[in-house]
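Order of listing sets the numbers, starting from 1, for every ligand and every atom in it. Scope of the values below: all heavy atoms of this structure, side chains included, with no hydrogens, waters or symmetry mates.
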Amino acid sequence: METNTEARKIILSGIQPSGKLTLGSYLGAIKNWAELASDYDCYFMMADMHAITVRQDPATLRATVLEQIAQYIACGLDPDSCALFIQSQVPAHAELAWVLSCYTMFGELSRMTQFKDKSAKNEENINAGLFTYPALMAADILLYQADLVPVGDDQKQHVEICRDIAQRFNGVYGDTFKIPAPFIPKVGARIMSLQDPTAKMSKSDTAAGGCIYLLDKADDILRAFKRAVTDSYTAVRYAPAVKPGVSNLMQIYSSVTGKTFTEIEDEFESKGYGDFKLAVGEAVIETLRPIREKTEELLNNKDYLAEIYRAGAQKAGYAANKTLRKVYKRVGFVQ
Ligand code: AQP
């Protein structure tokens, strides 16, 4: 990050600390971030301002944010080469979000799948933040003039609305924001629940056994894979439409071992689902073991974590304020 910063492209991504990180958060997001980090200038945030669109217990939220920073590092993000920061510690996010909300249309917000899903799940608390969060998300991305936003394929709509908002603003005031593109991994873009392979593996999923959390113990992981929903056939074959459970397990196995679907089909040609599930479970255990151990070690050093997120906020704040000043000037705020 320190060298040749002018020429390097910029990446911004984040995760809401709305629950414990899952295997989906790792394979769909953090693992890819770590792979991209050596080639890009990277900003990775704990999106705590997004998390409060759904009620959070304050003590749990604080603990989850700290755990998330530790896990980002344990998953391979180097705090010396990328900015790891807490969204609420960079006020420019809230400030730009307000400006952008004045360039975001009611109709486009109404079409957001996440708003429809989350308001259906939280009928008692359909608040304005749940509706206008795309303006905050656009601010998150545009503040850093990001070229790429690595997301799972469920989040593509967020990058699309961000592009629309940026183009609308640029259209009125001239070039202000770089137009970002989504970066969606080929494998692992959508990891599904082990109990309902038609639903995404989500932090807030409450169904027992559907989710693997990054800090789960080996026995629990193995048990969850042994109980994973498959189908009444026997062949390990990649066919998401007809074999969603097996295909999801193949996605996971492919992501953690690097094997292709054809190699996996060959490996289990004469074996049953029992052997296959066991192999996936064991491969996941071996992938998560060092992450869990490193996270536990880091959580014992809260001072070190505080140093990381303070330095991250400073680095992010510097870049973000540059964009914010430009925007304030463009819209006519007195300097
Ligand atoms: N199951 C998944 N498969 C692939 N990618 C996933 N991501 C999350 N779950 C999966 C990717 O992780 C990034 C951060 O997402 P987020 O946690 O901020 O929001 P989310 O997608 O709403 O995650 P959850 O787990 O479903 O959270 P809750 O339950 O709070 O709504 C994104 O890039 C996402 O694609």
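- Below 4.0 Å from some heavy atom of Ala29 lie the following atoms of ligand 1, by number and element: 12 (O), 13 (C).
- At least one side-chain heavy atom of Tyr43 sits less than 4.5 Å from a side-chain heavy atom of Ile10.
- Between Ser13 and ligand 1, no pair of N/O atoms sits closer than 3.5 Å.
- Close approach of ligand 1 to Gly152 (heavy-atom distance below 4.0 Å) involves ligand atoms 33 (O), 34 (C), 35 (O).
- Between atom 15 (O) of ligand 1 and the options Arg190, Gln155, Gln16, the minimum heavy-atom separation is to Gln155.
- Contact record, Asn32 with Leu27: ND2-O, 3.2 Å, taken as the closest heavy-atom pair.
- Remark: ligand 1 atoms within the under-4.0 Å shell around heavy atoms of Lys200 are 1 (N), 2 (C), 8 (C), 9 (N), 10 (C), 20 (P), 21 (O), 22 (O), 23 (O), 24 (P), 26 (O).
- Taking the centre of each ring, Tyr133 and Phe115 stay at or above the 6.0 Å mark.
- In this structure, Lys118 is part of the shell of residues with a heavy atom less than 4.0 angstrom from ligand 1.
- Heavy-atom separations between Gly14 and ligand 1 include at least one value shorter than 4.0 Å.
- Taking the six-membered ring for Trp and thresholds of 30 and 60 degrees, Phe268 and Tyr253 have ring planes more than 60 degrees apart, a perpendicular arrangement.
- The shortest N or O to N or O distance between Ser18 and ligand 1 is below 3.5 Å.
- Electrostatic pairing of Glu160 and Arg163 does not count as a salt bridge here, judged by no charged N lying under 4.0 Å from a carboxylate O.
- Side-chain contact between Ser202 and Thr22 is absent, with no heavy-atom pair separated by less than 4.5 Å.
- Of the heavy atoms in Val54, none comes closer than 4.0 Å to ligand 1.
- Residue Met201 approaches ligand 1 through these ligand atoms, each under 4.0 Å from one of its heavy atoms: 1 (N), 2 (C), 9 (N).
- The two residues Thr176 and Lys326 have their closest heavy-atom pair at O-NZ, 3.5 Å.
- Geometrically, ligand 1 and Ser204 share a nitrogen or oxygen pair separated by less than 3.5 Å.
- Residue Ile15 places a heavy atom under 4.0 Å from ligand 1.
- Closest heavy-atom approach to atom 10 (C) of ligand 1 among the candidates Pro182, Gly28, Gly24: Gly24.
- A salt bridge does not link Glu282 to Lys277: none of the charged side-chain nitrogens sits closer than 4.0 Å to a carboxylate oxygen.
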Check: What do the steps show when you test Phe85 against Tyr309 for ring-ring contact (aromatic ring centres under 6.0 Å, His included), and what is the final call?
Finding: CA-CA 5 Å; Phe85 68 100; Tyr309 64 70; over 10 Å; no
